[in-house]
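Index from 1, following the sequence. Below, all heavy atoms of this structure are taken into account, side chains as well, without hydrogens, waters or symmetry copies.
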Amino acid sequence: MRRFIDERGNEVRLTDERLQHILKRHPEMAYQMHRLAETLAKPDAVRASKSSPKVVLYYRLYPDLRGRSRYVCMVVKRGKEYSFVLTAYLDRKIKGD
């Protein structure tokens with residue numbers, strides 16, 4: 001299990017099971033793992049999920065992904081003691097913008 005700290009100073013966990021999910025569904029993320037901590041700690045935008053009030057999307061723009069600018073998006077479920085990553089993927093734009 002990996003542990004990160006988000007922009008509010010809260011712990012965010014990435015379990016091995018969720019990491020395998022990310023790599024299976026979004027194989028391009030295998031080359032972006034080093035950006036996860038930065039995306040959580042210094043997001044360009046944080047958006048509430050439309051599907052669940054406890055889920056938040058963290059976005060950070062990187063200009064050098066796949067030859068163009070892309071956002072790393074991390075989907076996190078917030079809990080009382082800690083939060084955990086549901087998934088992560090690359091996106092062209094911030095949802096809701």
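Residues F84 and T15 are not in side-chain contact: their nearest non-hydrogen atoms beyond the backbone lie 4.5 Å or more apart. Proximity of I5 to V12: side-chain heavy atoms (C-beta onward) are nowhere separated by under 4.5 Å.
Under the side-chain hydrogen bond (donor to acceptor under 3.5 Å, both in side chains) criterion, S49 pairs with S51, sequence neighbours left out. R25 pairs by the side-chain hydrogen bond (donor to acceptor under 3.5 Å, both in side chains) definition with nothing, not counting sequence neighbours. Residues satisfying the salt bridge (Lys or Arg N to Asp or Glu O under 4.0 Å) criterion with R60, sequence neighbours excluded, are E38, D44. Listed by chain and residue number, nothing satisfies the side-chain hydrogen bond (donor to acceptor under 3.5 Å, both in side chains) test with R18 (two or more places apart in sequence, or in another chain). Looking at residues two or more places apart in sequence or on another chain, you find a salt bridge (Lys or Arg N to Asp or Glu O under 4.0 Å) between R3 and E11.
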Check residues 75-82 and write down every donor-acceptor pair under 3.5 Å in which the side-chain atom is one partner and the other belongs to a residue at least two apart or another chain.
{"unit_1": "R78", "atom_1": "NH2", "unit_2": "Y58", "atom_2": "OH", "d": "3.1"}

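Contact record, P63 with S69: CA-OG, 3.5 Å, taken as the closest heavy-atom pair. I22 and L14 get closest at one heavy-atom pair: CD1-CD1, 4.0 Å. Closest approach of E28 to Q32, counting heavy atoms only: O-CG, 3.7 Å. Of all non-hydrogen atoms in K95 and Y59, the two that sit nearest each other are CG-OH, 2.9 Å. Closest approach of F4 to L40, counting heavy atoms only: CB-CD1, 3.6 Å.
In this structure, NE2 on H21 lies 14.5 Å from CG on D16, to the nearest 0.5 angstrom. Atom CD of E7 is separated from atom OG1 of T39 by 11.5 Å, given to the nearest 0.5 angstrom. A distance of 6.0 Å separates CE of M33 from CG of L23, quoted to the nearest 0.5 Å. Here the NZ-CG distance, from K50 to L57, works out to 10.5 Å after rounding to the nearest 0.5 Å. Interatomic distance, M74 CE to D6 CG, rounded to the nearest 0.5 Å: 10.0 Å. Residue R8 holds its CZ atom at 6.5 Å from OG of S83, rounded to the nearest 0.5 Å.
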Exercise for review: Please assess L36 against V85 for the test side-chain contact (heavy atoms from CB on, under 4.5 Å), listing each intermediate value before the final yes or no.
Suggested key: CA-CA 10 Å; L36 299 183; V85 177; over 6 Å; no
